[in-house]
Visitor: 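Handing you this structure, nothing more for now.
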Amino acid sequence: MAAAILARAGATAAGGLRSGGDVRRRRNTVAIVAATTTTGAGPAVPKEGSLERPAWSGETPLSRLVGALIAFKPFYSLMKLASREVIIRTAEKSNVPWREMTKQVLESDVYEVFDRIRDLNLVYPDYYLSPFHAYDEGNLSWLAAAEAEPATMSIAKRAIPDAGSIEEANQIVRGNWLNAIEEHHLKYSGNCQINDILDIGCSVGVSTRYLAEKFPSARTVGLDLSPYFLAVAAHKEEKLSRQNPIRWVHANGEATGLPSNSFDLVSLAYVCHECPARAITGLVNEAFRLLRPGGTIALTDNSELSPVLFTLMKSTEPFLDEYYMLDLEETMRQAGFVNVHSILTDPRHRTVTATVPF
């Protein structure tokens with residue numbers, strides 16, 4: 001079943017890359033992953049193709065129209081509610097207990113964890129104080145933190161609509177992402193082991209837990225600007241038994257304060273599309289400083305979106321245009337990374353990996 005879904009997903013992705021009409025192409029190429037499981041015909045071979053920037057991003061007439069609509073406050077409010085409703089409806093149709101999961105967090109003792117984990121001296125960058133994801137307080141709110149995990153589950157199901165369950169969708173989305181990281185590191189690290197992992201922008205720790213489970217012998221750190229998200233992450237982690245418990249750090253991913261050359265893998269999962277271009281550059285440069293020679297950076301995020309979904313997302317993602325207009329791969333090369341590779345790990349998300357040279 002998973003192999004068939006992945007094959008269809010790959011075909012959808014390939015079709016999306018070929019469409020678009022009058023668009024500017026990125027300078028890099030990506031590998032389209034049609035499947036990552038082994039079938040009777042042998043393992044699937046990724047195909048190369050140009051990743052097209054959406055025609056509705058940047059300074060195009062359509063993008064300016066969307067921007068004008070968002071600037072009209074009554075319409076913006078409707079779009080914001082519509083975007084939120086799409087995610088919740090998808091989750092509930094897929095049997096994600098959105099309201100129950102949210103209630104469990106809000107009625108727990110997570111508030112005590114918050115007091116322990118928050119750095120009162122942290123100064124938030126200006127862009128982080130913008131409204132995000134239909135929350136007026138952005139990521140600095142309990143409701144955003146309580147709803148983050150069901151929202152993540154909904155996103156996985158939207159990426160793999162043919163999956164029979166949320167678990168199967170997550171297995172594909174997260175599995176492809178983890179495989180891309182592992183394969184890149186094995187190929188380019190010079191046999192360096194992954195002993196220390198940093199997950200920047202870890203939110204409530206979903207991606208961090210996947211990394212810790214994939215590399216159980218490694219010491220894993222989850223870092224985020226939101227103490228609300230981190231409190232939920234730490235609260236969930238307290239209930240788990242792990243060989244190396246995850247450490248949670250409240251800090252700015254552009255200036256973490258962590259020692260240089262102290263990690264073998266730095267991951268940013270679904271972070272860059274929420275940041276202005278200057279912040280993405282800062283995150284990439286900080287990752288380069290933190291990684292040891294032979295270390296791997298992995299950024300997974302949105303690929304091309306449909307015009308409708310882009311419009312809805314743009315109403316709750318103020319820096320989406322900057323993400324699409326930035327040449328992420330060139331930004332990584334300018335920071336000093338080598339072996340920069342980008343693959344479409346599911347129809348909606350790409351993973352870009354690179355190496356710190358020896």
Side-chain angles (χ1 to χ4, degrees), residues 77 79-120 122 124 127-159 165-167 169-170 173-174 199-212 221-240 245-251 253 268-271 273-275 312-313 315-318:
S77 297
M79 290 173 65
K80 185 170 68 172
L81 291 174
S83 177
R84 177 176 169 80
E85 181 61 28
V86 165
I87 296 175
I88 295 176
R89 186 170 63 248
T90 299
E92 292 182 336
K93 282 184 177 180
S94 303
N95 298 317
V96 175
W98 183 289
R99 291 173 176 81
E100 182 59 30
M101 292 177 71
T102 300
K103 181 181 178 182
Q104 287 178 1
V105 171
L106 295 177
E107 294 182 355
S108 70
D109 59 355
V110 69
Y111 309 99
E112 299 175 8
V113 183
F114 176 85
D115 292 332
R116 296 198 305 267
I117 210 162
R118 179 175 53 162
D119 179 359
L120 292 172
L122 181 63
Y124 296 102
Y127 71 85
Y128 199 72
L129 301 177
S130 303
F132 278 94
H133 300 156
Y135 304 107
D136 291 338
E137 303 86 358
N139 293 332
L140 298 173
S141 75
W142 282 117
L143 184 60
E147 293 186 334
E149 187 162 4
T152 298
M153 297 165 73
S154 175
I155 289 169
K157 189 64 169 69
R158 287 185 67 82
S165 65
I166 290 292
E167 291 74 18
N170 265 322
V173 171
R174 300 290 180 171
D199 189 24
I200 295 178
C202 67
S203 182
V204 295
V206 175
S207 57
T208 323
R209 292 194 295 272
Y210 272 101
L211 288 165
V221 176
L223 182 146
D224 203 273
L225 267 169
S226 173
Y228 301 88
F229 285 0
L230 287 171
V232 173
H235 177 67
K236 290 178 178 290
E237 183 68 13
E238 286 176 353
K239 302 175 183 178
L240 304 175
I246 297 170
R247 181 164 70 95
W248 306 101
V249 176
H250 183 210
L268 293 99
Y270 312 107
V271 173
H273 77 276
E274 297 185 355
C275 300
L312 288 174
M313 285 192 66
S315 67
T316 63
E317 304 275 7

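Everything numeric here is computed off the predicted structure, so don't read it as measured data.
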Visitor: So which atom in V271 and which in I200 form the shortest heavy-atom distance, rounded to 0.1 Å?
Guide: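 Between these two residues, the closest heavy atoms are CG2-O, 3.4 Å.
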Visitor: My understanding is that only residues two or more places apart in sequence, or in another chain, count here; which of them pass side chain to side chain donor-acceptor pair (under 3.5 Å) with S226?
Guide: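 Applying side chain to side chain donor-acceptor pair (under 3.5 Å) to S226 gives none.
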Visitor: With heavy-atom distances below 4.5 Å as the criterion, would you say the side chains of Y228 and S141 are in contact?
Guide: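 In short, these two side chains do not touch, never coming nearer than 4.5 Å.
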Visitor: Go through the structure and list residues passing side chain to side chain contact (heavy atoms under 4.5 Å, CB included) with Y111, not counting sequence neighbours.
Guide: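 With sequence neighbours excluded, Y111 shows a side chain to side chain contact (heavy atoms under 4.5 Å, CB included) to L106, W142, given in chain and number order.
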Visitor: Please report the interatomic distance OG(S130) to CG(D136), rounded to the nearest 0.5 Å.
Guide: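 It comes to 12.0 Å.
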Visitor: For residues V173 and A159, report the shortest heavy-atom separation together with the two atoms involved.
Guide: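 Heavy atoms only, the tightest pair is CG2-CB, 4.1 Å.
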Visitor: Just wondering, do D119 and V249 contact through their side chains at under 4.5 Å, heavy atoms?
Guide: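 The answer is no; the side chains never approach within 4.5 Å.
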Visitor: Can you tell if the side chain of Y127 reaches within under 4.5 Å of the side chain of P318, non-hydrogen atoms only?
Guide: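 Not touching, per the 4.5 Å side-chain cut-off.
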Visitor: Looking only at atom types and distance, does a side-chain atom of S94 sit under 3.5 Å from a main-chain N or O of V96, one as donor and one as acceptor?
Guide: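 It does not hold such a pair.
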Visitor: Picking from N139, L122, L230, what satisfies side-chain contact (heavy atoms from CB on, under 4.5 Å) with L225?
Guide: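 Single side-chain contact (heavy atoms from CB on, under 4.5 Å) partner of L225 among N139, L122, L230: L122.
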Visitor: Ring-plane angle category for Y124 and Y128, please: parallel below 30°, perpendicular beyond 60°, tilted otherwise.
Guide: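 If you compare the ring of Y124 with that of Y128, the planes turn out parallel.
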Visitor: Just to verify, what does E238 make a side chain to side chain contact (heavy atoms under 4.5 Å, CB included) with, not counting sequence neighbours?
Guide: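 Partners of E238 under the side chain to side chain contact (heavy atoms under 4.5 Å, CB included) test: V113, R116, H235.
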Visitor: Excluding sequence neighbours, so at least two apart, what forms side chain to side chain donor-acceptor pair (under 3.5 Å) with E100?
Guide: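 Expected list: Q104.
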Visitor: Please table the atom pairs, donor to acceptor, closer than 3.5 Å between any side-chain atom in residues 143-155 and protein atoms at least two apart or in another chain.
Guide:
unit_1	atom_1	unit_2	atom_2	d
E147	OE1	R84	NH1	2.8
E147	OE1	R84	NH2	3.3
E147	OE1	Y135	OH	2.4
E147	OE2	R84	NH2	2.9
E147	OE2	W98	NE1	3.1
E149	OE1	K236	NZ	3.1
T152	OG1	A148	O	2.9
S154	OG	I87	O	2.9

Visitor: Run the side chain to side chain contact (heavy atoms under 4.5 Å, CB included) test against P245 and tell me which residues pass, sequence neighbours left out.
Guide: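 Applying side chain to side chain contact (heavy atoms under 4.5 Å, CB included) to P245 gives none.
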Visitor: Could you work out, with side chain to side chain donor-acceptor pair (under 3.5 Å) as the rule, every residue matching E112, not counting sequence neighbours?
Guide: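 Counting only residues at least two positions away or on another chain, E112 forms no side chain to side chain donor-acceptor pair (under 3.5 Å).
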Visitor: Compare every heavy atom of A233 with every heavy atom of G205, then report the nearest pair and how far apart it is.
Guide: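 Nearest pair, atom of G205 first, then A233: N-CB, 3.8 Å.
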Visitor: What pairs with R118 under side chain to side chain contact (heavy atoms under 4.5 Å, CB included), at least two apart in sequence or on another chain?
Guide: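 R118: side chain to side chain contact (heavy atoms under 4.5 Å, CB included) contacts with F114, D115, L120, P227, H250.
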Visitor: Specify the closest pair of heavy atoms between I117 and A231, including all atoms of both residues, with the distance to one decimal.
Guide: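 Answer, listing the atom of I117 first, then A231: CG2-N, 4.2 Å.
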Visitor: My understanding is that only residues two or more places apart in sequence, or in another chain, count here; which of them pass salt bridge (Lys or Arg N to Asp or Glu O under 4.0 Å) with R247?
Guide: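 Residues passing salt bridge (Lys or Arg N to Asp or Glu O under 4.0 Å) with R247: none at all.
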